[in-house]
K.L.:
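This structure is in structure tokens; I'll ask about it shortly.
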Amino acid sequence: MLETLLGGPEFVKHHMILPHTRSKDLEVHFDINNKPIPINASIVKAERSKKKPIGIQVTDDLISQLLNKNLNPFPDDTRDGPKNKDSARITEDLLSQLTTRRKLDKKPVAEVIKLALQVSNRNHYCYGQKRLLGLHNMKRRQLQKLGYVVVELPYWEWYPLTKCSQSEKLSYLHYKVFESLDQARSALMDTKWRIWSPKIWQKGTEAFAVNISLSLRYTSPSPSPLT
């Protein structure tokens with residue numbers, strides 16, 4: 001169901017994030033624009049292997065055809081290409097540019113929001129209450145310490161949806177996932193503001209002090225009433 005919501009199985013990873021708890025979770029990654037990031041490595045590799053590589057092997061014959069120049073070191077060989085006086089001059093720098101691969105510019109690492117979806121059951125809570133047991137509560141705290149946003153899918157919300165249509169289930173998952181993303185993004189902005197606000201306040205007070213000193217320096221003194 002979550003794979004249908006996000007667009008494919010490569011965006012959802014079902015594994016044990018915390019091995020010592022011995023319970024599997026659903027892990028999902030989003031970028032800053034609320035777009036899912038593929039994290040299921042096995043499916044991503046399988047899709048890449050299906051794609052055929054597109055490229056041309058650079059050889060001396062190909063370079064000679066492109067530059068209309070003979071690169072054969074043996075003049076007596078019958079594979080001499082056509083000669084032309086107006087052809088480009090081949091140098092070591094030109095050959096190195098043609099034969100070496102281009103280095104792709106590394107993209108800056110974007111901010112990733114990691115979600116851990118917890119599908120809870122009745123035995124995860126105290127009897128007759130909606131309070132998590134100690135083990136499951138500890139697991140949530142440890143996931144938050146690792147930087148995950150825990151999305152709780154409690155049984156009293158999910159079990160009634162089993163009798164509903166697929167669209168209602170998708171709308172419920174959409175609300176839970178993207179509501180948690182909005183809360184995580186607002187919390188991230190709050191932490192950034194707390195980090196930068198003292199620096200901004202310090203710069204503001206320094207600029208205010210400079211303006212006060214300049215105004216006092218260039219302000220002409222008022223004449224005394226006794227003179």
Side-chain angles (χ1 to χ4, degrees), residues 1-47 107-199:
M1 190 68 65
L2 190 61
E3 297 173 356
T4 306
L5 176 65
L6 299 179
E10 65 271 13
F11 299 107
V12 183
K13 191 173 183 180
H14 188 211
H15 68 120
M16 289 187 295
I17 303 177
L18 300 176
H20 58 277
T21 57
R22 295 185 179 181
S23 59
K24 292 185 177 181
D25 307 309
L26 297 173
E27 183 177 357
V28 182
H29 291 185
F30 286 88
D31 60 5
I32 200 65
N33 297 320
N34 284 354
K35 293 182 179 180
I37 301 173
I39 58 173
N40 204 339
S42 59
I43 297 177
V44 172
K45 288 181 181 179
E47 289 183 355
K107 297 181 179 180
V109 179
E111 294 180 353
V112 178
I113 301 176
K114 300 184 293 184
L115 267 64
L117 278 77
Q118 306 287 318
V119 183
S120 60
N121 204 342
R122 292 181 184 272
N123 55 2
H124 293 177
Y125 296 87
C126 297
Y127 181 76
Q129 300 179 7
K130 295 182 180 180
R131 185 163 56 92
L132 283 169
L133 294 174
L135 175 63
H136 302 285
N137 199 3
M138 179 194 68
K139 179 181 178 181
R140 270 67 166 175
R141 291 198 305 268
Q142 291 179 353
L143 288 172
Q144 291 173 357
K145 290 288 185 181
L146 291 175
Y148 287 89
V149 178
V150 179
V151 181
E152 189 76 28
L153 303 179
Y155 70 92
W156 62 84
E157 293 179 358
W158 181 250
Y159 282 1
L161 290 173
T162 56
K163 299 179 181 179
C164 298
S165 62
Q166 186 176 3
S167 60
E168 292 177 344
K169 296 176 183 177
L170 288 175
S171 62
Y172 170 77
L173 289 176
H174 184 276
Y175 169 76
K176 297 291 286 188
V177 169
F178 288 95
E179 182 70 16
S180 302
L181 280 177
D182 295 337
Q183 294 177 2
R185 187 171 291 104
S186 62
L188 184 62
M189 295 301 294
D190 290 341
T191 54
K192 286 184 177 180
W193 175 250
R194 289 175 185 175
I195 293 172
W196 285 100
S197 57
K199 297 180 181 179

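Source: prediction; values computed, not measured. Nothing fancy with the numbering, it's 1 onward along the sequence.
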K.L.:
Sequence neighbours excluded, which residues qualify as side-chain contact (heavy atoms from CB on, under 4.5 Å) partners of Ser167?
P.N.:
Ser165
K.L.:
At what distance, to the nearest 0.5 angstrom, does NZ of Lys176 lie from CG of Leu5?
P.N.:
14.0 Å
K.L.:
Any chance you could measure Glu27, atom CD, to Asn40, atom CG, to the nearest 0.5 Å?
P.N.:
10.0 Å
K.L.:
Could you tell me whether the side chain of Lys139 reaches within less than 4.5 Å of the side chain of Val150, counting heavy atoms only?
P.N.:
no
K.L.:
How close do Ile32 and Arg185 get, counting heavy atoms only, and between which atoms?
P.N.:
O-NH2, 3.2 Å
K.L.:
Side-chain atoms of residues 112-122: list all donor-acceptor pairs with protein atoms under 3.5 Å, sequence neighbours left out, distances to 0.1 Å.
P.N.:
residue: Gln118; atom: NE2; partner: Asp25; partner atom: OD1; Å: 3.3
residue: Ser120; atom: OG; partner: Tyr125; partner atom: OH; Å: 3.1
residue: Ser120; atom: OG; partner: Glu152; partner atom: OE2; Å: 3.4
residue: Ser120; atom: OG; partner: Leu153; partner atom: O; Å: 3.3
residue: Asn121; atom: OD1; partner: Tyr159; partner atom: OH; Å: 2.8

K.L.:
How many angstroms lie between atom CD of Glu157 and atom OH of Tyr172, to the nearest 0.5 angstrom?
P.N.:
4.0 Å
K.L.:
Taking the side chain as every heavy atom from C-beta outward, state whether Asn137 and Arg131 have any pair of such atoms under 4.5 Å apart.
P.N.:
no
K.L.:
Nearest 0.5 Å, please: how far is CZ in Arg141 from CG in Leu132?
P.N.:
10.0 Å
K.L.:
What is the distance from atom CD1 of Ile39 to atom NZ of Lys13, rounded to the nearest 0.5 Å?
P.N.:
6.5 Å
K.L.:
Between Leu181 and Val149, does a side-chain contact (heavy atoms from CB on, under 4.5 Å) hold up when you go through it step by step?
P.N.:
CA-CA 8 Å; Leu181 280 177; Val149 178; over 6 Å; no
K.L.:
Should Tyr155 and His124 count as side-chain neighbours, where that means a heavy-atom distance under 4.5 Å?
P.N.:
no
K.L.:
Taking the side chain as every heavy atom from C-beta outward, state whether Val28 and Val151 have any atom pair closer than 4.5 Å.
P.N.:
no
K.L.:
State, to 0.1 Å, how close Asp31 and Lys35 come at their nearest heavy-atom pair, and which atoms those are.
P.N.:
OD1-N, 2.7 Å
K.L.:
Got a second to check how far Leu6's CG is from Met1's CE, nearest 0.5 Å?
P.N.:
12.5 Å
K.L.:
Please evaluate residues Trp158 and Lys169 with respect to the criterion side-chain contact (heavy atoms from CB on, under 4.5 Å), reporting the C-alpha separation (whole Å), side-chain torsions for both, the decisive distance (0.1 Å), and the verdict.
P.N.:
CA-CA 8 Å; Trp158 181 250; Lys169 296 176 183 177; 4.3 Å; yes
K.L.:
Step through the shown structure and confirm whether more than 12 heavy atoms of other residues, nucleotides or ligands are within 6.0 Å of CD on Gln166.
P.N.:
no
K.L.:
Using side-chain contact (heavy atoms from CB on, under 4.5 Å), reason through Leu2 and Val177 one step at a time and then give a plain yes or no.
P.N.:
CA-CA 10 Å; Leu2 190 61; Val177 169; 4.3 Å; yes
K.L.:
Once you measure the plane-to-plane angle for Phe30 and Phe178, does it fall in the parallel (<30°), tilted (30-60°) or perpendicular (>60°) bin?
P.N.:
perpendicular
